[in-house]
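Read the numbers this way: they start at 1 and go in the same order the structure lists the ligands and their atoms. All residue numbers in this chain count up from 1 along the given sequence.
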Amino acid sequence: MIIEKVYEKVKKQFETDTTGHDWHHIQRVVDVALYIQEKEGGDREIIELAALLHDISDHKLNGGKLNHGGEVATEILNELGFPSDKTQLIASIVDGVSYKGAGVADKMDTIEGKIVQDADRLDAIGAIGIARAFAYGGHKNRPLYIPESNPEMHDSFETYANSKSHTINHFYEKLLLLKDRLHTNTAKSIGQQRHDFMVQYLEQFYNEWNTKIEQTHE
Ligand code: ADP
Ligand code: NI
């Protein structure tokens with residue numbers, strides 16, 4: 001079966017990742033996408049394959065090549081003899097899925113694409129999203145937080161992808177904006193609680209950051 005071969009290949013590639021894009025991220029995106037499909041409709045096979053392949057050549061991990069995932073997904077599916085019209089749809093979902101900056105509109109015009117993007121975005125917010133952001137920031141040698149460095153609303157994929165900011169800024173540049181960029185009602189209702197948790201987390205973070213503990217030196 002084609003789908004099993006894709007599972008095998010993707011698992012092998014992501015098993016050793018420590019940047020927040022590990023095999024468990026892919027698995028969660030597949031599971032959540034299929035859950036959303038049950039409520040919202042769309043073609044399950046396309047959704048499962050696109051979710052499996054969505055990070056196959058992400059710009060954050062491939063040395064900075066933007067929009068390269070669709071090409072790699074196409075090669076994999078062609079090699080397995082998957083029909084070319086469906087392959088094309090999957091490739092366009094893979095290229096469209098990534099967040100490209102606060103000021104860059106999402107281009108997802110199929111229900112399958114919207115569902116995969118929603119599932120990927122749900123995994124970027126909430127407790128897991130926070131863990132992934134700091135894991136990725138560490139991988140990229142980014143500081144946790146620099147109070148005097150403010151977030152930027154990027155209006156091109158290039159400036160967003162090349163930003164070197166600290167991880168707390170990433171919350172304002174992406175994570176807190178995702179709630180309003182979810183497409184399906186099913187994802188929106190899961191997303192709200194995860195969003196609220198991040199807001200609460202940031203409040204606690206600043207409280208701790210600003211705590212002045214009285215020191216007595218003898
Ligand atoms: P997308 O393709 O939409 O970026 P991914 O599945 O590739 O989605 O996940 C991106 C992950 O990388 C998220 O968990 C996100 O928080 C993290 N990430 C991306 N850019 C940064 C950044 N500048 N600082 C911290 N984390 C980041
Ligand atoms: Ni992803």
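- When non-hydrogen atoms are compared, ligand 1 lies under 4.0 Å from neither the backbone nor the side chain of Asp123.
- Using a distance-only test at 3.5 Å, with no hydrogens or angles considered, no donor-acceptor pair links the side chain of Lys65 to the main chain of Gly63.
- Vertex the Ni ion (ligand 2); arms to His25 NE2 and Asp55 OD2; angle rounded to 10 degrees, 90°.
- The shortest contact between atom 25 (C) of ligand 1 and any protein heavy atom is with Ala133 O, 3.3 Å.
- Remark: distances from the non-hydrogen atoms of Val29 to ligand 1 are all 4.0 Å or more.
- The Ni ion (ligand 2) sits nearest to atom OD1 when only the N, O or S atoms of Asp120 are considered.
- Here atom 23 (N) of ligand 1 lies nearest to Arg142 when heavy atoms of His170, His166, Arg142 are compared.
- Here the CD atom belonging to Glu79 is positioned 11.5 Å from the CD1 atom belonging to Ile2, to the nearest 0.5 angstrom.
- Contacts between His21 and ligand 1, counted as non-hydrogen atom pairs separated by less than 4.0 Å, involve the side chain only.
- Every atom of ligand 1 is numbered from 1 in the order shown, and the set under 4.0 Å from a heavy atom of Leu175 is 16 (O).
- No salt bridge links Glu40 with Lys114; every basic N to acidic carboxylate O contact stays at or beyond 4.0 Å.
- Closest to atom 11 (C) of ligand 1 by heavy atom, among Lys140, Arg132, His139, is Arg132.
- Crowding of Tyr35 atom OH: a count of heavy atoms from other residues, nucleotides or ligands under 6.0 Å not exceeding 12.
- Contact record, His25 with Asp123: ND1-OD2, 2.6 Å, taken as the closest heavy-atom pair.
- Few gaps surround CD on Glu15; more than 12 heavy atoms of other groups in view lie less than 6.0 Å from it.
- Applying the side-chain contact (heavy atoms from CB on, under 4.5 Å) test between His54 and each of Val10, Leu49, Val29 identifies Val29 as the sole match.
- The minimum heavy-atom distance linking Thr167 with Arg142 is given by the pair OG1-CB, 4.2 Å.
- At a heavy-atom distance under 4.0 Å, only side-chain atoms of Asp55, from C-beta outward, approach ligand 1.
- Side chain of Gln13 to backbone of Ile56: a donor-acceptor contact under 3.5 angstrom is found.
- Of the protein's heavy atoms, Asp120 OD1, 2.8 Å lies nearest to atom 6 (O) of ligand 1.
- Among the atoms of His54, an N, O or S atom falls under 2.8 Å of the Ni ion (ligand 2).
- Distances below 4.0 Å separate heavy atoms of Lys174 from the following atoms of ligand 1: 1 (P), 3 (O), 4 (O), 8 (O), 10 (C), 13 (C), 15 (C).
- In this structure, Ile76 and Leu53 approach most closely via the heavy-atom pair CD1-CD2, 4.0 Å.
- Within the structure, ligand 1 lacks His59 among the residues with a heavy atom less than 4.0 angstrom away.
- Here the protein heavy atom with the shortest distance to atom 3 (O) of ligand 1 is Tyr99 N, 2.9 Å.
- Within a 6.0 Å sphere centred on CD of Gln88, other residues, nucleotides and ligands contribute 12 heavy atoms or fewer.
- For His25, every heavy-atom contact with ligand 1 shorter than 4.0 Å involves the side chain, none the backbone.
- Looking from atom 2 (O) of ligand 1 to the surrounding protein, the closest heavy atom is Ser98 OG, 2.4 Å.
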